[in-house]
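Side chains included, hydrogens not; waters and symmetry mates left out as well; all remaining heavy atoms used. Below, read A as the first sequence line, B as the second, and so on, with proteins coming before strands; counting in each chain starts at 1. Model, not experiment: these values are computed from the prediction.
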Amino acid sequence: MEKENIIGIENKLMLFNTLTHKKELFEPIHSPLVGMYVCGPTVYGDPHLGHARSGITFDIIFRYFQHLGYKVRYVRNITDVGHLENDAEEGEDKVAKKARLERLEPMEIAQYYTNRYHQFMDMLNVKRPSIEPQASGHIIEQIAMIEKILEAGFAYEKNGSIYFNVRKYNTEHHYGKLSGRVIEDLLSTTRSNLASQAEKESPVDFALWKKASSEHIMRWPSPWSEGFPGWHAECTAMSCKYLGHPFDIHGGGMDLLFPHHESEIAQAVAAYHGDPCKYWVHNNMITINGQKMGKSLGNFITLEELFSGQHAGLVQAYSPMTIRFFILQAHYRSTLDFSNEALLSAEKGLQRLMIARHTLTHIHSSSTSSVKTELEEIEKKGYEAMNDDFNTPITIASLFELVRLINLGSESKVSFTEEDKAKAEWIYAEFVDHILGLKDESISDGMTDKVDGLVQMLLDIRSQAKARKDFSTSDLIREELQELGIRVMDGKDGVSWQIN
RNA sequence: GGUCUCGUGGCCGAGCGGUUAGGCACCGGUCUGCAAAACCGUUUACAGCAGUUCGAAUCUGCUCGAGACCUCCA
């Protein structure tokens, strides 16, 4: 947080704005305050790799803004109502459907999966947002927003349901400005044979409020009918409630671009007379065998499966930090292809990065430095990469240059002063801990010291055996430890070990 | 069909006109009683064709291939 160390850089942060389709200089509307809203999960199923990607992407953005010294209000919603299976009238609410299938109260489902989401995001070291509003807790705000849209004349009522009049809106504004959709094309490609379409004046219209059918459990009173809000309503109502209007950044997965975010813009313009936000930021998808990992395709892997290895497609379990590192090794706007091979290499790479930090502490400091300039370059490159639309792969690449330097230092091929060592540790703290949020998973419980002592004792005995060329004893100790999952490594400067 | 994105070495993945990305794997070396690990070093690219340019993975056009959105999805 020491702002003075990065002054001058903070004003050069470029981020890609989906709305303008180019990288723009980031300038908060009310600096040093930053308001960011991100579409969170619909809580009717276990979190999967896709949730990890958007969670981590915006966690990095959140962390980096804070790092630059901004005061960030980060709002990420929980969708627990209004998200229908499809847009048809017979479309069932996702949460309600799950509740019916599991014979539970809908709110039990929502709470259960919200908890699960939190649990797994915590494991991934994703910081909790400043505010996490639930759609069901903001029905009043949504109704108020819908009323404003009605007053503005951009919505109409039909049998107790309220629909947004996209075509009328499009005569005065531009429906499609974010997604690049052209309304005429939409009219010709939207499925219009569904039952609900009959109620709409146009197939491109979307629901703001739906009258609940008799069997629909999740329902609230409104001026128009007992019913529930449309999917897009919550984000506009809640983002503007907590961040004002307009706010700085709206984020989410690329798959939400249309119709969700496009419709959010329309709602905000209609209700509050202006775009909801200044910058739109979208993370790309994770693919598996080149195909999007998605619910409808049934090819997604949950985080629980990933962390436990319990999935037919996984050759082993992968730790949360391996997943985090894997995701950060790709730029957030690129698709990222999932494979065991890629995950395995991420695991090894992360390990190397983390081990070097320990190696650093063992470097004998010298009075002269041969790495000072390089350390400065590494730090500079790291920041420049982050400032260039959060290019974490390059930031990580620069950290591996640091790894190389540290390893050379440990072999006395380059020389570190005390100051250099402090600088290197500083880079680790800044980039690895604070910005990238990578935790060292080898540091754990209170037993660590005792295990250290025990292993060290065995290794001392082994060293004595080796000294008198009693290799059968020394090998026995090595093998027994190996059995326990502790690997013994004879190096130039003595014996080291690690738990596999 | 419409809109859009992308094709980089064995794999993942940066790159946005001229410089080694990086990780993993491979290979060579160092270390070692042996082994493993670790470390150091190094090889293999820009889908194809044509064009612009002194110079193109990077710009333009065409061809081929892959994917996303248009219905719910991060």
What pairs with Glu341(A) under salt bridge (charged side-chain N to carboxylate O under 4.0 Å, His left out), at least two apart in sequence or on another chain? none

For the side chain of Trp231(A), starting at C-beta, report the closest nucleotide among rC72(B), rG2(B), rA74(B). rC72(B)

Could you give the distance separating rG17(B) and rG7(B) at their P atoms, to the nearest angstrom? 16 Å

Step by step, work out the side-chain contact (heavy atoms from CB on, under 4.5 Å) result for Phe338(A) and Leu306(A). CA-CA 11 Å; Phe338(A) 163 90; Leu306(A) 228 27; 4.2 Å; yes

To the nearest 0.5 Å, atom OG of Ser130(A) lies from atom CE of Met36(A) at 8.0 Å

For Gly290(A), report the nucleic acid contact type (base, sugar-phosphate, nothing); a contact means any heavy atom under 4.0 Å. sugar-phosphate

Rounded to whole angstrom, note down the P distance from rU58(B) over to rA21(B). 15 Å

Any strand counts, and the cut-off is 3.5 Å on both contacts for Watson-Crick or G-U wobble. Which nucleotide pairs with rU20(B)? none

Closer to the 5' end of RNA chain B via nearest nucleotide, is it Pro41(A) or Phe325(A)? Phe325(A)

With P as the reference atom in both, quote the distance from rC62(B) to rC6(B) in angstrom, rounded to an integer. 16 Å

What is the base-pairing partner of rG41(B), counting Watson-Crick and G-U wobble geometry with both distances under 3.5 Å? rC27(B)

Lys466(A) near the nucleic acid: base, sugar-phosphate alone, or nothing, with a heavy-atom cut-off under 4.0 Å? base

Check every strand shown and say whether Met293(A) touches a base, only sugar-phosphate, or nothing at a heavy-atom separation below 4.0 Å. base

Just verifying a value: how many Å separate Met293(A) CE and Phe300(A) CZ, rounded to the nearest 0.5 Å? 9.5 Å

Near-ring test Tyr279(A)/Phe16(A), centroid separation under 6.0 angstrom: no

Residues Asp337(A) and Ser339(A): side-chain donor-acceptor under 3.5 angstrom: no

P-based separation of rG22(B) from rU32(B) [nearest Å]: 30 Å

Less than 4.0 angstrom between a side-chain N/O of Asn407(A) and OP1 or OP2 of rC40(B), yes or no? yes

Shortest non-hydrogen contact between Leu375(A) and Ile427(A), atoms and distance: O-CD1, 3.7 Å

So what does His48(A) hit on the nucleic acid, given a heavy-atom distance under 4.0 Å: a base, only sugar-phosphate, or nothing? base

Output a table of nitrogen or oxygen pairs between the protein and nucleotides 24-26 of chain B separated by less than 3.5 Å.
from: rC24(B); atom 1: OP1; to: Arg352(A); atom 2: NE; distance (Å): 3.1
from: rA25(B); atom 1: OP1; to: Lys348(A); atom 2: NZ; distance (Å): 2.7

Counting neighbours of NZ on Lys421(A) that are heavy atoms of other residues, nucleotides or ligands and sit closer than 6.0 Å, is the number greater than 12? yes

Nearest to the side chain of Ala397(A), heavy atoms from C-beta on, is which of rA68(B), rA21(B), rA74(B)? rA21(B)

Considering only heavy side-chain atoms of Arg404(A), the closest of rG41(B), rG2(B), rA74(B) is rG41(B)

C1' spacing across the pair rG15(B) / rA56(B), given as an integer number of angstrom: 13 Å

I'd like to know if Asp205(A) pairs up with Lys158(A) as an ion pair, taking the criterion as any Lys NZ or Arg NE/NH1/NH2 lying under 4.0 Å from an Asp or Glu carboxylate oxygen. no

Assuming nearest nucleotide by heavy-atom distance, tell me which of Ile396(A) and Leu408(A) is located more 5' along RNA chain B. Ile396(A)

Could you list all N or O pairs between the protein and nucleotides 13-18 of chain B that sit under 3.5 Å apart?
from: rG13(B); atom 1: OP1; to: Asp337(A); atom 2: N; distance (Å): 2.8
from: rG13(B); atom 1: O2'; to: Gln329(A); atom 2: O; distance (Å): 3.4
from: rA14(B); atom 1: OP1; to: His331(A); atom 2: N; distance (Å): 2.7
from: rA14(B); atom 1: OP1; to: Ser334(A); atom 2: OG; distance (Å): 2.9
from: rA14(B); atom 1: O3'; to: Asn391(A); atom 2: ND2; distance (Å): 3.3
from: rG15(B); atom 1: OP1; to: Asn391(A); atom 2: ND2; distance (Å): 2.8

Taking atom CD of Glu483(A) as the centre, does the number of heavy atoms from other residues, nucleotides or ligands within less than 6.0 Å exceed 12? no

Of the nucleotides rU3(B), rC40(B), rA74(B), which one has an atom closest to the side chain of Asp185(A)? rU3(B)

Under a 3.5 Å cut-off for both contacts, is rA57(B) paired Watson-Crick or G-U wobble with anything, and if yes, with which nucleotide? none

Among the nucleotides rA74(B), rU3(B), rC34(B), whichever has the atom closest to the side chain of Arg181(A) is rU3(B)

Within the distance-only criterion (no hydrogens, no angle test), does the side chain of His331(A) pair as donor or acceptor with the backbone N or O of Asp389(A) below 3.5 angstrom? yes

What does rA66(B) pair with, Watson-Crick or G-U, if both distances are under 3.5 Å? rU5(B)

Can you check the distance between rG10(B) and rA36(B), where both ends of the measurement are the C1' atom (answer in whole Å)? 24 Å

